[in-house]
Amino acid sequence: MPIAVDIDVMLAKRKMSVGELAERVGITPANLAVLKNGRAKAVRFSTLAALCEVLECQPGDLLRFETGGDASGA
């Protein structure tokens with residue numbers, strides 16, 4: 001999928017754990033891991049908005065479009 005997810009980057013910048021982010025956003029750590037690892041097929045705008053609010057960022061800080069290749073980082 002050409003959409004890469006950079007939640008790891010924002011977590012590191014905010015010095016926040018996956019568990020803390022999941023709790024503050026209101027989703028399970030397992031669902032956050034699916035999104036964070038690029039395995040999600042979709043994300044609700046309400047979830048994206050909550051992530052941005054908690055991480056104090058813009059959607060473009062969490063998602064980016066990559067051309068020509070695997071966006072999973074592998």
Met10 reachable from Phe65 in the ILVMFWY side-chain graph, under 4.5 Å edges: yes
Non-hydrogen side-chain atoms of Leu21 and Arg14 separated by less than 4.5 Å: no
Nearest heavy atoms of Thr28 and Asn31, plus distance in Å: OG1-N, 3.0 Å
Test side-chain contact (heavy atoms from CB on, under 4.5 Å) applied to Leu63 and Val5, step by step: CA-CA 5 Å; Leu63 304 173; Val5 182; 3.9 Å; yes
Residue of the set Leu55, Asp8, Val9 for which side chain to side chain contact (heavy atoms under 4.5 Å, CB included) holds with Leu62: Leu55
Validation row: Leu11, Lys36 side chains within 4.5 angstrom (heavy atoms): yes
Audit row: Leu35, Leu51, side-chain contact (heavy atoms from CB on, under 4.5 Å) steps and yes/no: CA-CA 11 Å; Leu35 179 59; Leu51 286 165; 3.7 Å; yes
ILVMFWY network linking Val34 to Ile27, side-chain heavy atoms under 4.5 angstrom: no
Distance (rounded to the nearest 0.5 Å) between Glu53 CD and Ser46 OG: 12.0 Å
Worked verdict on Leu32 versus Val25 for side-chain contact (heavy atoms from CB on, under 4.5 Å): CA-CA 9 Å; Leu32 181 57; Val25 169; over 6 Å; no
Set of residues satisfying side-chain contact (heavy atoms from CB on, under 4.5 Å) with respect to Pro29, sequence neighbours excluded: Ala22
Which atom of Pro59 lies closest to which atom of Cys52, heavy atoms considered: N-SG, 3.4 Å
